[in-house]
Amino acid sequence: MSEPRICSCSQPPRRPGERGFVMLYVVYVVLAVGLFLAGAIAYMGNAIHRGRAELGYHGHALNVARAGLADAVNWFKSQASQPVRSSGSSYAYADAAFHPLHDNTPKLNFTDDESIGLVKEVPLSDDDRLWGRYEVRRQLVDNGTDPALTDSNAVHDITSYLGKGNAGEGLAWHIQANAFVYLKNDPNRAFNQAPNRVLETVAMAEQIISLSIRRPAESAIIVGTASGISIGTNARITGMPNGYAVTYRAGTGTPSPATAPGGVTGAPSAYLSLPDSLWFDDVQRVFGVTQSEIRSLASITVSSVASLPATLPSMAIVYIDGAATFTPTRPLTGGGILFVNGNLTIQANSNSLFSGFIYCTGRVYQYAPSLISGMVVAHGGYTISGAGDVAQAEYSPSVLSAVRDHLCQYQEAKAPYVVQH
């Protein structure tokens, strides 16, 4: 009798149609995964595109805001009366002094909407659809009487806040430019009204301050200690035609010589002695800013004469943080404002020639041949003399006026920074 046959297969035989079902299932899974991947790639592509577009809009907005700040500073600098202030004027409150005017003559027009402040719009694309707009807003109400009414997004006189003087003197201002990037779909509607659409907004701000050149008297030389004044042979100090030669603080001794030699002339007199009530020579009251601010505003800041450029500018602020000695091989030349935090020495035979305003925290030694035209303030005293040649210091209102016009206008005190995005 034969043994039963045993099947060695571990799986039951497939039923008809099962193989086709498996194939369809595999195709379905592949299609689903493919569609998912395609959608994910498309989504990522759109996200990257949107990100790039938004990044581009943000960059445009930053540039528009910077343009607004630059135009605002130019407005301040272009005003006939400097600094721009309400005190002593017809403006009702301190911040009212910032009032750009609209004019139909393009060269005279500062703003597209003076009811807001300084407003301009510019196209950002060739098809004139993408536009930029900035607003440097005015304070529209009397926030001096009620500080709570101050618009923090508008221009504000911060002279008092920074301790530089009284509100309304206009020595320091906070400026903010509010920038918008938008699609102009309907030129007859406002930038923020449909169908126009704002795509990006940015606000940037900065602080500007105005230098001053105040002095207790119109004089060629202003010295804190009279006993420190030494006028030698071949020295010439000229205050003519409308200024004194030498001004000093009363009660600090007498100059040497006590009476003016023939080379010291002024009107109405060569020497002027000022009482304490009228005297000042400190940095804050002379320049309207602190010494550190003078340093930060300087075009050139060095610790010694050796670090100065070979040729000094004809009109610049130069700050030397330490004693300064000018020699025959390195004479004092140029012009503008020279601030020396220490003694200033102009050696003999240097042929130095400087036009401007010199402020020295120490003593000034001036030897021939040399000429300083403008004004010198010296805390520690002044020695001037010559041997054969002439050492001269002369008061020059025209030189001081040029310095004020070029260097005492508003300067950036705090770099632009983003305040809102």
Side-chain angles (χ1 to χ4, degrees), residues 41-78 95 98-140 150-156 158 173-209 409-421:
I41 292 172
Y43 176 81
M44 291 177 63
N46 289 333
I48 292 173
H49 178 74
R50 289 195 303 271
R52 288 176 176 172
E54 291 173 0
L55 184 61
Y57 298 149
H58 182 65
H60 281 312
L62 288 174
N63 288 334
V64 172
R66 291 189 186 99
L69 291 177
D71 284 354
V73 174
N74 287 336
W75 181 88
F76 275 96
K77 289 184 175 181
S78 67
D95 291 338
F98 176 69
H99 191 163
L101 300 177
H102 176 77
D103 197 292
N104 291 326
T105 303
K107 290 184 179 180
L108 302 177
N109 183 46
F110 277 104
T111 179
D112 295 339
D113 190 345
E114 66 179 80
S115 67
I116 295 176
L118 188 61
V119 180
K120 288 287 179 67
E121 293 195 3
V122 292
L124 301 177
S125 63
D126 293 336
D127 60 4
D128 276 355
R129 288 201 62 209
L130 189 67
W131 280 70
R133 172 188 174 95
Y134 68 71
E135 298 177 351
V136 183
R137 299 173 188 167
R138 297 168 46 208
Q139 299 283 349
L140 299 177
T150 300
D151 180 357
S152 61
N153 295 318
V155 173
H156 183 41
I158 55 173
W173 290 86
H174 170 86
I175 303 173
Q176 179 168 317
N178 307 286
F180 310 88
V181 173
Y182 71 98
L183 285 178
K184 181 182 284 190
N185 295 316
D186 186 346
N188 297 317
R189 291 182 176 271
F191 75 100
N192 56 355
Q193 289 184 344
N196 298 331
R197 184 161 62 96
V198 175
L199 301 173
E200 184 75 3
T201 61
V202 166
M204 294 186 72
E206 69 175 333
Q207 293 177 4
I208 58 173
I209 59 175
Q409 293 184 337
Y410 289 97
Q411 307 280 340
E412 183 182 276
K414 188 173 183 178
Y417 57 97
V418 176
V419 294
Q420 178 184 337
H421 172 220

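These values consider heavy atoms only, across backbone and side chains, with no hydrogens, waters or symmetry-generated copies. Residue indices begin at 1 and follow the sequence shown.
Distance check: Lys120 NZ to Asp71 CG gives 5.5 Å after rounding to the nearest 0.5 Å. Annotation: the span from Met204 atom CE to Asn63 atom CG amounts to 9.0 Å, rounded to 0.5 Å. Atom CD of Gln207 is separated from atom OH of Tyr417 by 5.5 Å, given to the nearest 0.5 angstrom. Note: Glu114 CD to Leu101 CG = 5.0 Å, rounded to the nearest 0.5 Å.
When all heavy atoms of Lys77 and Gln409 are compared, the closest pair comes out as O-NE2, 3.2 Å. Shortest non-hydrogen contact noted between Val419 and Ala205 is CG1-CB, 4.0 Å. Closest of all the heavy-atom pairs between Gly68 and Leu118 is O-CD2, 4.3 Å. What you find for Gly117 and Thr111 is that their closest heavy atoms are O-OG1, 2.7 Å. Heavy-atom minimum distance, Ala154 versus His174: O-CD2, 4.1 Å. What you find for Ala179 and Ala61 is that their closest heavy atoms are CB-O, 3.4 Å.
For Arg197, there are no salt bridge (Lys or Arg N to Asp or Glu O under 4.0 Å) partners, not counting sequence neighbours. Here Phe98 pairs with Trp75, Phe76 under the ring pair (Phe, Tyr, Trp, His ring centres under 6.0 Å) rule; sequence neighbours left out. Asp113 meets the side-chain hydrogen bond (donor to acceptor under 3.5 Å, both in side chains) test with Ser115; sequence neighbours excluded. Applying the salt bridge (Lys or Arg N to Asp or Glu O under 4.0 Å) test to Asp103 and every residue at least two apart in sequence or in another chain returns nothing. Applying the ring pair (Phe, Tyr, Trp, His ring centres under 6.0 Å) criterion to Phe191, with sequence neighbours excluded, gives Phe180, Tyr182.
Side-chain atoms of Leu62 and Val418, non-hydrogen and from C-beta on, do get closer than 4.5 Å to each other. In this structure, the side chains of Tyr134 and Val122 stay at 4.5 Å or more apart for every pair of heavy atoms. Looking at Leu124 and Val181, their side chains come closer than 4.5 Å, going by heavy atoms from C-beta outward. A heavy-atom distance below 4.5 Å is found between the side chains of Asn109 and His102. Val155 places none of its side-chain heavy atoms less than 4.5 Å from the side chain of Asp95. A 4.5 Å side-chain heavy-atom check between Thr201 and Asn178 finds every atom pair outside the cut-off. Between Leu199 and His60, the closest side-chain pair of non-hydrogen atoms is not below 4.5 Å.
The closest donor-acceptor contact from the side chain of Asp151 to the backbone of Gln139 lies at 3.5 Å or more, if one exists at all. No donor-acceptor distance shorter than 3.5 angstrom exists from the side chain of Asn196 to the backbone of Asn192, with no hydrogens or angles considered. Put simply, the side chain of Arg189 never gets that close to the backbone of Pro195: no donor and acceptor are under 3.5 Å apart.
Among residues at least two apart or in separate chains, salt bridge (Lys or Arg N to Asp or Glu O under 4.0 Å) pairs with a member in residues 123-135 are Glu121-Arg133, Arg133-Glu135, Glu135-Arg137.
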